[in-house]
Novice: 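The following block contains the structure, expressed as structure tokens.
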Amino acid sequence: FDLVDSLHNLLKDLNIFFPRCRRAHRGSRRFHFRCSQDYYFDYVLDESSDTSALEAAIAEAGSDIKLHKMGYFYPAGDEQVIVCEITGKSVPERGIPLMVGAVVDNVGTVLNIVDAFEGKPVTDKLKYKSNGDGTCVITGLKDTTVKHLMLPTKSPDGDTVVSIDHEAFKSNKTIETLVIPDTVTSIGYSAFQGCSNLKSITFPQSNKTPIRFNYQSFGFIGVVDIDLSKTLIEEISNNAFCGCKSLKTANLGDVSKINNFAFQECVVLESVIHNGKLTSIGERAFENTKKLSVLRSKDSKHNLDTIETFSYHTFYGSAIRDIVFSENLKATNSAFEGCLNLGTVDFSKHTNKFATFSGSKIEKIIFPSAITSIGSSVFYNATIDSIVIPDTVTEIGSRAFADANIKKITFGSGLKNIKDNAFLNLSTTYDFSKIKEDLTIGSGAFANNTFTKEVNVALGSMQKIPMIEHFSSSTCTYCVGVDN
């Protein structure tokens with residue numbers, strides 16, 4: 001016989017059988033498992049035992065388990081006697097029942113096997129706190145040497161494990177792997193914070209209730225990859241994975257919101273993928289993620305094209321690039337300040353929303369189709385190869401391009417108003433040749449400029465553009481297209 005297959009089939013039967021008669025068999029003494037071409041299972045009791053509950057359970061399960069009653073005699077409990085009584089075979093001297101095709105186990109041993117199938121630990125190294133309603137919280141470890149932590153679905157008292165307590169495993173340096181069962185719906189603040197050797201986490205795979213993280217639930221751990229693709233989860237909480245300096249990739253599945261500081265200082269994080277439901281990212285959520293170049297839906301080729309709301313410094317100092325903004329964009333809130341690898345920034349799906357890119361480096365900007373103004377400090381201290389202001393823009397805000405590094409700026413035909421210090425401290429080439437109307441220019445709009453090539457002004461329009469006083473302290477090589 002194939003012992004492995006036989007045991008596997010036996011355990012499947014036990015998994016069905018025992019929950020139906022757990023109370024009835026606790027007083028019994030031994031099981032006898034006889035292996036032959038087709039196994040059968042004998043449940044050994046004394047003659048006076050009430051077997052009605054067991055017989056009913058066996059019938060209900062359609063199992064091959066058979067009951068065998070033995071009389072009271074010495075040594076009735078000996079395993080060799082049991083084997084001989086049931087099978088008619090004698091175990092050789094100094095031999096074991098397996099030598100005649102039998103395995104004998106105590107009731108408690110087989111019960112433990114069944115409990116393991118149900119996720120209930122046989123020996124437990126965890127601490128629990130009952131909620132008094134059939135559920136419980138894991139509060140910590142009894143044995144701090146555990147390396148591979150597989151959390152159970154039930155406590156030794158039978159309570160369902162639904163949460164992990166605040167700071168339950170905080171700063172543990174021995175845990176290397178973690179498996180979280182589907183029953184867990186909440187992980188407390190700082191539950192695993194500082195577990196620097198925790199490299200691998202298996203999150204719930206088929207949970208029915210969304211799991212909820214809390215502040216720094218997994219902050220500053222050693223995890224390399226996060227996979228929530230099979231996990232029911234709606235939000236990533238504040239600081240949930242902040243400071244995870246080994247984290248390289250994250251699959252966020254159906255997450256719709258990433259809260260403040262969630263992945264802050266994950267300095268080697270390269271890629272974040274989601275299922276297309278992500279619409280909101282909080283303050284400094286990806287601050288200083290210096291290698292993050294991909295954050296998009298698994299079905300998209302464009303970064304951030306599902307996001308509707310960004311917050312203050314969401315990507316400050318990150319490597320995010322080649323962004324296509326959603327047509328449903330609601331707010332950008334200085335999200336991209338300090339991004340030095342933005343590549344192409346595309347607002348073409350939206351009509352008039354725009355973002356702030358102070359201190360960022362951009363290769364190409366595609367403006368919204370109906371944009372009418374560029375706000376204050378939008379490109380303050382930014383680096384841009386060249387920029388063409390759309391004809392729809394009528395106003396440029398104060399310090400909009402101050403201290404920027406831009407090779408050439410071409411103004412659109414609709415420009416009417418340039419606010420104070422809008423182009424302060426630039427070294428660039430301006431092209432005013434498309435401007436046909438009077439300009440209102442604020443104080444110091446072009447102060448402290450160095451013009452590397454030319455200021456190209458529309459022929460004959462100098463009389464209508466009172467700009468000379470606005471170039472105070474500037475160095476101008478020459479102007480072309482200017483009457484007189």
Side-chain angles (χ1 to χ4, degrees), residues 325 329 331-334 336-337 345 347-348 350-360 362 364-384 386-476 479-483:
F325 287 98
L329 183 64
T332 55
N333 299 312
S334 305
F336 300 94
E337 292 187 11
V345 176
F347 283 90
S348 61
H350 209 282
T351 56
N352 57 12
K353 288 288 183 183
F354 203 57
T356 300
F357 296 95
S358 299
S360 298
I362 305 170
K364 181 181 180 181
I365 298 173
I366 302 174
F367 285 92
S369 59
I371 187 172
T372 58
S373 66
I374 297 176
S376 299
S377 302
V378 167
F379 294 104
Y380 174 79
N381 197 33
T383 299
I384 309 170
S386 64
I387 189 167
V388 178
I389 307 297
D391 292 340
T392 55
V393 172
T394 60
E395 181 177 283
I396 296 176
S398 61
R399 303 181 71 87
F401 294 90
D403 293 304
N405 180 10
I406 305 174
K407 294 179 181 178
K408 184 176 181 179
I409 300 174
T410 301
F411 294 97
S413 61
L415 186 61
K416 297 179 180 180
N417 189 10
I418 299 177
K419 296 285 190 178
D420 298 350
N421 299 316
F423 297 93
L424 176 69
N425 297 330
L426 264 65
S427 177
T428 188
T429 297
Y430 293 103
D431 187 346
F432 290 87
S433 62
K434 294 176 69 176
I435 295 177
K436 304 300 181 184
E437 301 184 27
D438 290 342
L439 272 179
T440 300
I441 301 178
S443 174
F446 297 92
N448 297 328
N449 272 232
T450 298
F451 305 106
T452 56
K453 290 187 178 181
E454 62 195 38
V455 178
N456 191 352
V457 183
L459 184 63
S461 64
M462 193 60 186
Q463 292 83 352
K464 296 187 293 183
I465 305 176
M467 67 171 63
I468 294 299
E469 67 270 27
H470 303 294
F471 287 85
S472 61
S473 303
S474 295
T475 302
C476 185
C479 298
V480 298
V482 181
D483 280 352

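Heavy atoms only: backbone and side chains are in, while hydrogens, waters and symmetry mates are out.
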Novice: Apply ring-ring contact (aromatic ring centres under 6.0 Å, His included) to Tyr380 and list each qualifying residue two or more places apart in sequence or on a separate chain.
Specialist: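 With neighbours one apart ignored, the set is empty.
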Novice: Testing the 3.5 Å rule here: is there a donor-acceptor pair between the side chains of Asn381 and Asp403?
Specialist: no
Novice: Which pair of heavy atoms, one from Thr332 and one from Thr356, lies closest together, and at what distance?
Specialist: OG1-N, 4.3 Å
Novice: If the condition is side-chain hydrogen bond (donor to acceptor under 3.5 Å, both in side chains), which residues does Ser398 pass it with, not counting sequence neighbours?
Specialist: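 Ser398: side-chain hydrogen bond (donor to acceptor under 3.5 Å, both in side chains) contacts with Ser376.
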Novice: Which label fits Phe379 and Phe401: parallel for a plane angle under 30°, tilted from 30 to 60°, or perpendicular past 60°?
Specialist: parallel
Novice: Please check: side-chain N/O of Asp391 versus main-chain N/O of Ser413, any donor-acceptor pairing under 3.5 Å?
Specialist: yes
Novice: Ser386 side chain to Lys408 main-chain N or O, any donor-acceptor pair under 3.5 Å?
Specialist: no
Novice: Under 3.5 Å, is there a donor-acceptor pair between the side chain of Ser348 and the main chain of Ile366?
Specialist: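 No.
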Novice: So does Ser334 get a backbone contact from the side chain of Ser358, meaning a donor-acceptor N/O pair under 3.5 Å?
Specialist: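 No, because the side chain of Ser358 does not come within donor-acceptor range (under 3.5 Å) of the backbone of Ser334.
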Novice: Any idea which heavy atoms bring Gly397 and Lys419 closest together, and the distance?
Specialist: C-CB, 3.5 Å
Novice: Test your reading of the model: is there a side-chain donor-acceptor pair from Thr428 to the backbone of Lys407, 3.5 Å cut-off?
Specialist: yes
Novice: Within the 4.5 Å heavy-atom criterion, are Phe411 and Leu439 side-chain neighbours or not?
Specialist: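 Phe411 does not reach Leu439 side chain to side chain.
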Novice: With ring-ring contact (aromatic ring centres under 6.0 Å, His included) as the criterion, how do Phe446 and Phe432 come out once you've worked through the C-alpha distance, each side chain's angles and the decisive distance to 0.1 Å?
Specialist: CA-CA 13 Å; Phe446 297 92; Phe432 290 87; 5.8 Å; yes
Novice: Compare every heavy atom of Phe423 with every heavy atom of Asn449, then report the nearest pair and how far apart it is.
Specialist: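 Shortest heavy-atom contact: ND2-O, 2.8 Å.
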